[in-house]
Enquirer: 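My questions will all concern the structure given below.
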Amino acid sequence: MINIDKYAYSSALKKKDPMEKLTFALTTLGVCLWAGSIPISITVLIIMTTATVKKGQTPFKFYLKLMLIPITFLIVGVVTIAVEISVSRESFIAALFIFDRYIGVSKTNLVTAAVIFFKALGSVACLYYLSLNTPMVALLSALRKMRCPKLIVELMSLIYRFIFVLMETAETMLIAQTSRLGYARLSSGYRSMGMLLSTLFIRAYKKSDELYTSLEARGYEGELNVLEESYERSFRSYLTIAGINIFLIIGTLLIKHYIGGQY
Amino acid sequence: MDENILEAKDLYYTYADGTKALNGINIQVKKGKITAILGGNGAGKSTLFLNFNSILKPSKGQILYKKKPVDYSRNGLKALRKAIGLVFQDPDSQLFSASVYQDVSFGPVNLKLPEEEIKVKVEKALQRTGISELREKPTHCLSFGQKKRVAIAGILAMEPEVIILDEPTAGLDPMGVGEIMKLLKEMQQEMGISIVIATHDIDLVPLYCDDVYVMNQGEIVLQGTPKEIFRKADVLRSVHLRLPRIAHLMEILEKEDGFNFEDTASTISEARRILKNYLHKL
């Protein structure tokens with residue numbers, strides 16, 4: 001998670017209008033989910049990967065590693081969809097006969113599994129594009145502009161800011177405990193972890209109190225109003241986004257019409 | 001023209017749990033000067049500062065800003081907090097935004113100024129504190145010294161008349177200490193801001209401060225110019241403080257080695273002058 005954050009700040013697309021990236025990622029995500037077709041999903045995957053790796057300059061190796069996380073989950077999930085148990089062998093392409101039942105994969109199930117697999121992967125690519133190229137601060141300002149409820153955006157921004165402080169504190173405490181052999185045995189490890197968590201909670205509580213005081217000293221009146229930085233905005237990018245998505249939609253319709261609905 | 005901009009008059013503060021943090025404090029902060037509040041841990045410095053900024057309301061006594069008692073109404077507080085900025089010791093509890101630029105803009109936005117004006121003020125504050133190149137960086141990637149500067153910039157952007165800093169040099173490396181103090185000195189000399197700092201870094205006091213108050217257990221035990229304060233070494237020692245290193249050296253030379261200097265010295269340049277004079281006279 002911390003790495004994603006780091007890459008977002010060093011992305012070449014960092015200065016681009018977050019609204020535009022949000023629109024691109026979410027629209028394409030929507031089309032990918034709606035289409036539910038293997039070729040379209042793969043196209044989305046390719047477009048988003050290219051945008052992230054080529055335009056955003058995220059190292060491909062890191063991107064691949066990130067992609068492996070959902071792939072692992074997907075494979076496990078998809079297997080349960082593809083595999084079926086039945087008394088007759090008829091519908092299966094391949095099957096095992098165990099006791100008095102057949103366990104195997106049928107063509108329809110295989111297709112459904114593949115569709116879900118690529119649909120999910122394409123969607124993940126859309127979200128990765130957004131998170132690897134948009135620093136949180138920019139994303140929050142986009143959400144603010146989209147009239148997301150203030151409370152939620154403020155909470156998000158505070159949580160984001162203080163996750164790092166919290167982790168730093170936790171890490172320091174963990175090191176201090178380890179150096180005093182707090183984790184030498186399993187039983188003492190459990191005890192140390194418990195103490196760490198409770199102390200962390202108290203620290204966080206105190207910190208929030210201090211933050212409130214310091215905000216008050218700067219004229220806080222219940223709203224965290226700040227000045228937004230301006231971003232490069234271009235009408236052309238919106239046209240490109242629209243173009244890509246129209247192409248995807250037409251592609252989907254053609255595929256459904258000529259090849260058949262299930263792909 | 002030693003006008004008092006901020007005053008504490010017979011100030012008492014008792015916390016809800018009965019801790020008496022301040023016991024009849026009298027302090028005059030002079031306009032355009034750097035005033036140091038010296039005191040060991042738990043002397044009541046932070047409580048005093050929160051009273052100065054009206055975060056805490058005195059149990060007894062008064063805070064005077066420009067000779068007028070502080071108005072604790074909503075608008076009065078707003079005006080006061082614009083005029084008196086408070087920089088906290090730990091920048092991590094002051095910086096609330098992940099963006100340097102946004103954090104610095106928070107104060108001026110709260111003052112409800114027009115956007116163009118805010119932009120100019122933020123820009124100025126960023127430049128003044130030397131962090132213009134950090135504006136793009138997220139707060140959590142900054143070093144401690146950089147965070148401290150951002151915290152100061154956040155206050156400076158509100159263009160206060162008094163800036164109060166709690167332990168501005170704590171946790172900084174020697175170079176960082178020098179840079180922050182130089183920044184404060186610049187703010188005082190070029191912008192005419194009155195500065196109050198709490199510190200126990202005694203060696204800084206003779207170099208940068210005009211007035212000193214020594215606090216112990218919620219009371220003022222000494223007050224005066226650095227020179228006057230450091231003549232009373234025994235009082236300082238009795239409240240867990242000490243003389244600046246140079247002053248200590250001069251004291252030992254006089255007491256133990258029979259030197260007889262014309263004056264006391266607390267900084268290297270003063271000591272150098274006095275020693276040179278002494279040697280010439282021999």
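Quick note on labels: first sequence line is chain A, next is B, and so on, each numbered from 1.
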Enquirer: Ring-plane angle category for B/His140 and A/Tyr160, please: parallel below 30°, perpendicular beyond 60°, tilted otherwise.
Expert: perpendicular

Enquirer: Heavy-atom distance under 4.5 Å to chain B: side chain of A/Tyr212, backbone, both or neither?
Expert: neither

Enquirer: Which atoms of A/Leu140 come close to chain B, meaning under 4.5 Å heavy atom to heavy atom: side chain ones, backbone ones, both, or neither?
Expert: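 For A/Leu140, no heavy atom lies under 4.5 Å from chain B.
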
Enquirer: Should A/Arg161 and B/Asp103 count as an ion pair when the cut-off is N to O under 4.0 Å?
Expert: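 No salt bridge links A/Arg161 with B/Asp103.
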
Enquirer: Checking heavy atoms, do the side chain of B/Ser97, its backbone, both or neither come under 4.5 Å from chain A?
Expert: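 Contact with chain A is through the backbone of B/Ser97 alone.
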
Enquirer: Taking all non-hydrogen atoms of both residues, which atom of B/Asn110 and which atom of A/Tyr220 are closest, and how far apart?
Expert: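 Shortest heavy-atom separation between B/Asn110 and A/Tyr220 comes out as ND2-N, 3.8 Å.
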
Enquirer: Flag the pair A/Leu211 / B/Phe88 as yes when at least one side-chain heavy-atom distance between them is below 4.5 Å, and no otherwise.
Expert: no

Enquirer: Considering only NZ, NE, NH1 and NH2 on the basic side and carboxylate oxygens on the acidic side, decide whether A/Lys207 and B/Asp90 come within less than 4.0 Å.
Expert: yes

Enquirer: Short question: side chain of A/Arg218, backbone of B/Ile155 - any donor-acceptor pair under 3.5 Å?
Expert: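 Not a single qualifying donor-acceptor pair exists.
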
Enquirer: Flag the one option from B/Ile118, B/Ile55, B/Asn53 with the top tally of heavy-atom pairs under 4.5 Å to chain A.
Expert: B/Ile55

Enquirer: Could you check if a side-chain atom of A/Leu215 sits within less than 4.5 angstrom of a side-chain atom of B/Phe96, using non-hydrogen atoms only?
Expert: yes

Enquirer: Pairing donors with acceptors under 3.5 angstrom, does anything connect the side chains of A/Ser214 and B/Gln94?
Expert: no

Enquirer: Looking at every heavy atom in both B/Lys119 and A/Leu227, which two are closest together, and how far apart are they?
Expert: CG-CD2, 3.6 Å

Enquirer: Under a 4.5 Å cutoff for heavy-atom pairs, which residue among B/Ser105, B/Gly85, B/Pro138 has the most contacts with chain A?
Expert: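 Of the options given, most contacts go to B/Pro138.
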
